[in-house]
2 protein chains.
Amino acid sequence: MQMAVRKVTMADIAKLAEVSVTTVSHVLNETRFVADEPRRRVLAAVAETGYTPNSVARSIATSTTETIGLALPAMSKPAFTDLLVHIEAEVRSTRYSLLLIDTEDDPARELRVVQELHARRVDGVLIAPSKRRAPAMKFLAERGIPTVVIDRFVSKKFDQVGVENTESTATLVDHLVEVGHRRIAMISGFPGLSTTSERVSGFEKGLERHGLAADPQLMISGHGDEQHANDAVHRLLALPGPPTALITGNNLMTIGAMRALTELDLEVPRDVALAGFDDFPWADLFRPRLTTVAQPSSEIGQTAVQLLVQRIADPERPPRTLRLASRFMHRESCGCR
Amino acid sequence: MQMAVRKVTMADIAKLAEVSVTTVSHVLNETRFVADEPRRRVLAAVAETGYTPNSVARSIATSTTETIGLALPAMSKPAFTDLLVHIEAEVRSTRYSLLLIDTEDDPARELRVVQELHARRVDGVLIAPSKRRAPAMKFLAERGIPTVVIDRFVSKKFDQVGVENTESTATLVDHLVEVGHRRIAMISGFPGLSTTSERVSGFEKGLERHGLAADPQLMISGHGDEQHANDAVHRLLALPGPPTALITGNNLMTIGAMRALTELDLEVPRDVALAGFDDFPWADLFRPRLTTVAQPSSEIGQTAVQLLVQRIADPERPPRTLRLASRFMHRESCGCR
DNA sequence: CTGTTAGCGCGTTCAA
DNA sequence: TTGAACGCGCTAACAG
């Protein structure tokens, strides 16, 4: 073992081992039989020089990078951070590496991100699209780039995987109604996203099956972020007939709602009940402990990666759309005992 | 705009635009003047074919990938997830992309990760090393691969950036002593890490400047994870002279301690005070609200990326070790009013 | 102002 | 059982 020389290449190894580059390539990749003697010399030369194969050169020769591109909107949002962690874990179990870029949920930027990913010739793309007909998705479809859509469903032409939203949200309504609530408000996410519309549908569906009408005044957009949700709660509770229970469309909005309620000197669940989409780590240390619907982030991440690997292997495979079951986390903010 | 053809290359564009590949390259990279007419034809050809430059080929020609490799241990740990998010944000503002791999805090795996990163010829590496003299660090040093160490300091020969640990922890002790505590316990992180030893030193230093002796019985390893911390608290409180206050070495251990205390039917801060390293998002929704020392994750991430970019630009630059100031988050688990 | 051509480091026929 | 030589797509002298 010695200080690595400037730049060791396969040719150097070949010379040192007194064989051809072909042989070096074959022993390194175990891609055809090589007799013991030359093979040993190659390995020795590799060890001696500290040679590390150049996979960039390999990529250009094989036109495959063994890389998966992950395009997420707002990695800092807990649900996506969570997804990211599980995706990375699953990718790690394959032969692929992960190239990570945040799209900032901006369609124009998202297109640039996807173009960059393609320029880098990733073998496949994992993406949570900004909107249904985003230019980025058109780009991916046109080039036939292996793609799996996560979290936000946009088209059955892609493989897609995310949480089941409708029934999950309806479950929250069921529960609140059973506890006695009749005026339930929904603070929904960013308009136009499938997650938002599906959760809103679930809200309506839930009310409907209890014979309750959805009061438009009680359905308000929280734009998926904390501040808007905070504002929404203030408006909701200033209504002539304020809601007695709140459902929030994601965890950031749940936080916003909690803080708004505190500002209004209202106690959960005594004054207002609360239940939200997305769970929290250490939810048991919150006061009150929040009743939520938890996404199966781990399964979503695993499934997404597996679907992508399969699609890369077989581009003709019929696409699948998977809606994974959520888990109802019954705690105390819903007000039952 | 049409369906993209099988594989468009620069040669195709050249032919279509009736210029040489050189000219195509130059208009695309804006690397030398090209007259209006040919330039327009090139751009038209690019638009017509939907050509996307192959940066793998570019990399192999320029021997630079414009990629930064990020090697983190346990991405799922909150402090690292946090760092990751901020690092990605900063990388996004440069011309680099981010290749992400988890080392699982295992030295052997870490070496493989670093080798893989080098095989992919990343221009630089950001790493939170598993231990001081890890083989991976030797590998990086030997090849002269531009490297910035984050969070865990290992050697002044590298650029390094992380939070200031010693004084930060001492501050926690100061505070607890001022509130009247004399028997303070420290639940420390994984042995051998600089973060752990520095925080332990800070603990001792804090006691010392109040004329208090460090009782070995009250210094116990929580191995950086929740379960060990939980066990530690149980043992601590079973002592003949149990501590009246606890300091935890990171947020996971703080959670473990909180749960252990709940199991013991002890209330914070009435029965036992608690203060920990690492802050939590939405700490205001915890009960009790935790007094902590917050890492400047955003600054650490930004600084790390900036240091790395500078080192890539100038490998001869003298290395710098930066310890960034923490923020004391005074809330209520410390028991003062 | 633009083109010819030689690499970059590796995989892979094709031949021997 | 092994090697020579070409090609992957692009950049960069060098030449004109």
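The sequence lines fix the lettering, A, B, ..., with proteins before strands; numbering per chain opens at 1. Since we're looking at a predicted model, the values are computed, not measured.
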## Note on the structure
Taking five pairs at each terminus, the helix from dC1(C)-dG16(D) to dA16(C)-dT1(D) shows an axis bend, to 10°, of 40°

Using a heavy-atom cut-off of 4.0 Å across all strands, would you classify [X] as base, sugar-phosphate, or nothing?
| X | answer |
| --- | --- |
| Met10(B) | base |
| Thr9(B) | sugar-phosphate |
| Val56(A) | nothing |
| Val24(B) | nothing |

### Task
Ignoring backbone atoms, test whether Ser25(A) places a side-chain nitrogen or oxygen under 4.0 Å from the OP1 or OP2 oxygen of dG11(C).
yes

### Query
What is the distance from CZ of Arg120(A) to P of dG9(D), rounded to the nearest Å?
18 Å

### Query
Closer to the 5' end of DNA chain C via nearest nucleotide, is it Ile60(B) or Arg32(B)?
Arg32(B)

#### Entry: Between Ser97(B) and Arg120(A): side-chain donor-acceptor atoms closer than 3.5 Å
yes

### Query
Which nucleotide, dC10(C), dG9(D), dG11(C), lies nearest any side-chain atom of Ala57(A)?
dC10(C)

## Note on the structure
Ala61(B) has its side chain closest, among dC10(D), dG9(C), dT4(C), to dC10(D)

### Query
Start at the 5' end of DNA chain D and walk down; is the nucleotide closest to Arg121(A) or to Pro38(A) reached first?
Pro38(A)

#### Entry: Donor/acceptor link under 3.5 angstrom from Thr22(A) side chain onto base of dT12(C)
yes

